[in-house]
Every structure is written in structure tokens, then in C-alpha cells.
Amino acid sequence: MSRSPTRRRLLAGLGTATAGALAGCAQRLWPGTQDGPRQVALSIKTTPAQDDPIAAMIVSQLEESLRAAGVDAVREPMEQSELYRDVLVEREYEIFVSRYPDLDDVDGLRSMLHSQFVGEQGWQNPFGFSDPTVDEYLEAQLSETGERRRQTLAELFEYLLDTAPYTAIAFPDRLAAAASDFGLERPPRRPTDFLELLNARPNDEPLRIGTFRLSSTDRLNPITVDATNAALILDLLYDPLVRHTDEGLMPWLAETISWRDPAVSGGRLVATVELHDELRWHDGTSLDATDVGFTFEFLGDTALGEAEGNVPSLRYRGRESLVDDVTVLDARTVEVEFYGPTRTVAERALTVPILPEHVWEPRSELVGDLWTEALTVDNEAPIGSGPFSFVDASSDLIELEPFDEHVLRTGGVPGYDSPDPVTNSLEFHLSPGPGAVIEGLLEGTVDLTADWLTPEDVEPVETEPNVSVLHDQTRSFYIVGYNVHQPQLGNPNFRRVVSQLVDREHVVDEIFSGHAQPATTPSSLVGVKEDEADELVDSIVPSFPGSDGVVDEEQVRSRFEDAGYRYENGDLMA
């Protein structure tokens, strides 16, 4: 039994996609050349204030700063699904502000910035950024370790301070609330947290989770990017080979993983992964090594070779791209060959969710030039191998139940102290907004909240004796992204000044009420919350040209003039 999808595809199959992404750019790069210079105009896309008040307030500050600088700035609020379609799929935007899920490792910058991904969709380089110097740094860090890698990352961060393809504003704390008798200090964030929480329940009653960012019409598709509201549920339904736990990365569906260094395996890092015995999917079908081989092939090309170029998944593409080849050795064993990263980087690839081949292989049919059924299907009755299986969904409820044949029940995960088996179900109660969820918590109809709440959301319950407000620091961050194929934003000097126009300290104090950490270091400005390479960066992080969130008009105009721009009648011209 062997699956040997040799996929030396770093650049393969991207031609069509790249051409599509760049189509139409030539005629709009320099609109002022025929009619002469005119005022710089920019639109900022984001979600409405009722959906994400934090993003809306960040946009307000940026919009006011741009106007003070003589830019004709206007915001375009839209539903999150519409924003994701415009930014992550169609690339139709100038500036956007949103919350980025998180960078699980510094290598996550590779899929965000490497020109290899410039023609793809999802969070793969949505900026259209292409710079040989950045490519070299991102490729070098894959195989470097220790001080050499730290130096490379420092040089990368320093270079990105100058080029500013995007910028991070702040890393918000996740706020939630729960009935105080649960004794929680932070929101549950992993499947294991929910198992332990259910285990502490005195009876078999379901755990009732209130949510307002999820609806029964949301897709439960694990490989798209517009289903982020369902990320928590998807994590409960689908298991990876290796899972993040409080103790770090831990083999999960994999029982053992042995590594062969490049020196003894033809220059390539190789992992031999042996699965647990008797693994099952939620529909009772056996989960074996062919599903693992299929998953990596499918994430790289959901058309399975039937399209002119590859049609990769919109999620997990960066991690999957670390893998060169997967060979199925027997029913329980696969050999994964990597392009050349260190083991630390390569382990990221093993955290992708494993998909059942018998469900997803029939979805490889093309439904458009760059789309397959797999990327568009709602996946209404998901089949995974996670600790919970899907039961039903209605207009106000999504129900999951414990999976009796999960690996934690059938044999356990070595090194992980599995909680006792549970029989309680998980109920996601769908509400129209945060107020309704908080009201349900106070009335005792829900046990805890699932979504990110704002300081204003939790303020009404902070003094309630039966409710606890929960805090957890995260690596998620608010991002301001620039489409470098748009007229002014193709100029790094212009982007660099724009990236300075949000007062990060003020945002944390006034918008987050202190429940966040500002991005004020070279690494944090590109979304890496902290990195020891910052100590090696010589450049000074530019400060906000103003105070208390209000830009100083004279200062900001001076910065644009220093960047080569001029003013006419108070308008910034280009």
C-alpha cells in the first residue's frame, strides 16, 4: 500500500492563479499618469461596529489620521463573510482592518508574505506582496537554528519595518464569562479543556455554550476561510496527528513519531508516523494511513490533479507547503518528507486536521476555474475523528456528543492524563448578539460564552456573584492590511507612514480598556507577539505622530513630505 504523490510543487500550478490575481492591475497601477496628480484616496474595509466594535474603532482612528494627512479616506463596513470574500478570495480591497486568528509560529510569516503564495487565496499573502529579499529570509529561517536563525529573523523584522506590507495594532485578551460554580479562570480553548470541564460536571446534563457569532447557516467546512466563526466546533470535530496542549505539541492520532535528520536521509528531514490502532471516523469507518496521505495531497490540491494548476485549500496551506512527499507504508504508518525545515518548523505541518478520504475525495470535482466542490460545500453533517461528533443543527442550536471510539477512550494518548469518559453533550445556543448571550448567562439558560467579548460586553456582569469574567492572553492580533497592487499602496514609503497612523498605546488603554498588549516591537508589528530576535534589531520603531489617539497634522504631513509626497490646497497629491 503506497501513496506517493511526489509534489515538488513550490511554484507548480500557480501560474494560472497568479495571472488571475494580477489581471487588471496594469491599468490601475498609476491612474494619475494620464490626468496629472490628484488627491490620494483610500477606502478601508472592515466589519460593522455591531459585529466587531474593536475593529470599527481602530478604523475610526486610522480614518481620522488619514484625513488629517490630506487623504480622502472612507470606510466600507460589510458583513464578515463579505469582507473575507473581498480580501481573502477576490483581493478586491485597498486597506482592510480585521482580527487575524494567530501566528502559531514565526514560520507562519512565510505563507503570509512569501511570493510563492502571491496568487493563492485565503490568508496566503492576501497583500500581493512580492520581495526577493523577504523570500530569502523566509526560506533561510526554515533550515536554520539557534543564533543563526535569530539573526535572520532580526534582519527580516528590520526589513519589514521599512516595507510594511501590513501592520499589527494590538494583541487582545480573550474575554468570556461563565457560571461561577465552574471555577474557571480562563475560557476553555481546546477540546481537552471541554472534556475536563464536562468531567467536572456533577451529572449528565449538557454543557450549554452561548454564542452570537455563529449561525446554523454557517458552513462547517474545515478547509475554507469564511467559517472562522465555527473554528471552535471544527476543532472539536477534527483531530490532527499532533495537537497543541498545555504541555506543548503532543502526538494525538499519531501514537509515535520518529525523525530522520537530513544527514542520514538524502538531505531531507523525514518523519515516520505510526497511528494508534483501531482508529475510527465518526461514521464508524476505519481511519488509516491512506487518510493521512490523502489529507496532505488534498490540502495542496483539492482538485487532485484534475485542474490545469493546483487548487489548494484556503486554510492550512502554509503548513501543508512544508511537506514535499507522503508515502503510505502500511495501514498504520506514513512517511512524511519535508522540503528542508528544521524539526521545530516541520512539526507545524502535523497539526493540520486529518480528513476522511471517503468523504472528501468525491468533492474534488471542479466547479469553477479555481474552485472545487470541497472549497464551496457547506459540509452540513461533518464526519471527523475528534472527541465530539456532530448530532444536529437547528436555527438556534448546534449539538455535539462525545465520540465513544475516540482515541482517548479506546487507548489514551501517551503522556496525556486523559479525563474519565463523559456522556454529556455540548450544546451551542445561537443568539443574535452579545447582550442576549449575557442575559442567558444571568438567567441560567447557558453555562458559558464561546465568543470573544469586549470590555463593554462583560461590564454588566463583573459584579454578579454567580458569574465569573474569564481572561486569556492570545496570539491573535488586529491587522491593518494593504493591497500592494493598488495605486498608492504599492509604494513602501507610503505604506510605512500609513502604518504609523494608529496610536497603539491609546488603542489598548481606551478601546481595550487595558485588556490587550500593544504591538510596539519589530516582531509584534508583523504579528509575532514576542521574539528574542528583537534584541538584535537596530532600527527604531517609529512612533505615532501625535498623542492620545489624535494625530498631529503638521507632524504627519511632514512625514509624507519626507517620503516624497507633496500637498496642494491641503490635499496629499500623487
Side-chain angles (χ1 to χ4, degrees), residues 1-12 104-111 114 116 135-153 156 239-245 247-277 279 287-301 316-352 354 413-416 532-533:
M1 180 182 300
S2 176
R3 177 186 295 274
S4 184
T6 300
R7 300 173 299 138
R8 301 182 186 279
R9 58 179 185 280
L10 268 176
L11 297 175
D104 60 341
D105 183 88
V106 178
D107 183 60
L109 293 175
R110 189 170 50 85
S111 59
H114 197 291
Q116 169 194 349
D135 288 354
E136 289 177 10
Y137 287 135
L138 292 170
E139 291 163 8
Q141 60 84 30
L142 279 173
S143 56
E144 294 173 342
T145 60
E147 189 61 21
R148 181 60 257 173
R149 188 182 191 220
R150 195 162 76 108
Q151 184 62 51
T152 295
L153 292 176
L156 171 65
D239 262 349
L241 295 173
V242 171
R243 184 175 283 285
H244 286 282
T245 71
E247 289 74 35
L249 284 175
M250 182 171 290
W252 204 252
L253 290 179
E255 185 171 37
T256 62
I257 302 174
S258 58
W259 297 86
R260 296 205 305 277
D261 291 332
V264 296
S265 56
R268 292 297 176 102
L269 179 67
V270 177
T272 301
V273 180
E274 184 172 25
L275 302 175
H276 289 276
D277 196 14
L279 291 174
L287 188 167
D288 60 29
T290 60
D291 293 302
V292 177
F294 166 79
T295 296
F296 283 102
E297 182 180 9
F298 196 63
L299 293 179
D301 181 15
Y316 307 111
R317 174 68 171 119
R319 297 180 218 182
E320 178 276 338
S321 68
L322 294 166
V323 175
D324 180 27
D325 198 10
V326 177
T327 301
V328 178
L329 301 180
D330 58 42
R332 290 180 57 193
T333 313
V334 295
E335 192 170 77
V336 184
E337 183 178 335
F338 297 91
Y339 274 111
T342 63
R343 175 176 163 179
T344 300
V345 176
E347 283 179 326
R348 295 184 64 237
L350 304 182
T351 63
V352 301
I354 301 302
V413 173
Y416 176 71
E532 57 184 9

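Counting from 1, the numbers follow the sequence of the chain as shown.
For the pair Asp104 and Arg319, the salt-bridge criterion is met [side-chain N within less than 4.0 Å of a carboxylate O].
Scored by the side-chain hydrogen bond (donor to acceptor under 3.5 Å, both in side chains) test, Arg148 finds Thr152 as partners (sequence neighbours excluded). Partners of Glu147 by side chain to side chain contact (heavy atoms under 4.5 Å, CB included), not counting sequence neighbours, listed by chain and number: Arg150, Leu536. For Thr333, the side chain to side chain contact (heavy atoms under 4.5 Å, CB included) partners two or more places apart in sequence, or in a different chain, are Thr272, Glu274, Leu329, Asp330. When the side chain to side chain contact (heavy atoms under 4.5 Å, CB included) test is applied to Glu136, no partner is found at least two apart in sequence or on another chain. Under the rule for a salt bridge (charged side-chain N to carboxylate O under 4.0 Å, His left out), Asp135 has no partner lying at least two apart in sequence or in another chain.
Taken from CD in Glu347 to CG in Leu241, the straight-line distance is 11.5 Å, to the nearest 0.5 Å. Distance check: Asp324 CG to Arg268 CZ gives 4.5 Å after rounding to the nearest 0.5 Å. The line from CG of Leu275 to CG of Asp288 is 8.0 Å long, rounded to the nearest 0.5 Å. Interatomic distance, CZ of Phe296 versus CG of Leu350, reported as 5.5 Å (0.5 Å rounding). To the nearest 0.5 Å, atoms CG (Asp105) and OG1 (Thr344) are separated by 8.0 Å.
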Between side-chain atoms of residues 249-262 and protein atoms elsewhere (two or more places apart, or another chain), which donor-acceptor pairs fall under 3.5 Å?
{"residue": "Trp252", "atom": "NE1", "partner": "Asp239", "partner atom": "OD1", "Å": "3.3"}
{"residue": "Trp252", "atom": "NE1", "partner": "Asp239", "partner atom": "OD2", "Å": "3.4"}
{"residue": "Glu255", "atom": "OE1", "partner": "Arg332", "partner atom": "NH2", "Å": "2.9"}
{"residue": "Arg260", "atom": "NH1", "partner": "Glu335", "partner atom": "OE2", "Å": "3.2"}
{"residue": "Arg260", "atom": "NH2", "partner": "Glu335", "partner atom": "OE2", "Å": "3.4"}

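Using a 4.5 Å heavy-atom cutoff, the side chains of Leu156 and Leu138 are in contact. Between Glu144 and Gln151 the shortest side-chain heavy-atom distance does not fall below 4.5 Å. Leu153 places none of its side-chain heavy atoms less than 4.5 Å from the side chain of Leu109. No side-chain heavy atom of Thr290 sits under 4.5 Å from any side-chain heavy atom of Val334. No side-chain heavy atom of Val345 sits less than 4.5 Å from a side-chain heavy atom of Arg110.
Between Tyr339 and Ser321 the shortest heavy-atom distance is CD1-O, 3.2 Å. What you find for Ser111 and Gly318 is that their closest heavy atoms are CB-CA, 3.5 Å. What you find for Arg348 and Asp107 is that their closest heavy atoms are NH1-OD2, 3.0 Å.
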Please report the C-alpha distance between Val270 and Phe338 in whole Å, then the side-chain angles of each, then the deciding distance to 0.1 Å, and finally whether the side chain to side chain contact (heavy atoms under 4.5 Å, CB included) criterion is met. CA-CA 6 Å; Val270 177; Phe338 297 91; over 6 Å; no
Check the pair Leu322, Leu142 against side chain to side chain contact (heavy atoms under 4.5 Å, CB included), reporting the backbone distance first and the verdict last. CA-CA 9 Å; Leu322 294 166; Leu142 279 173; 3.6 Å; yes
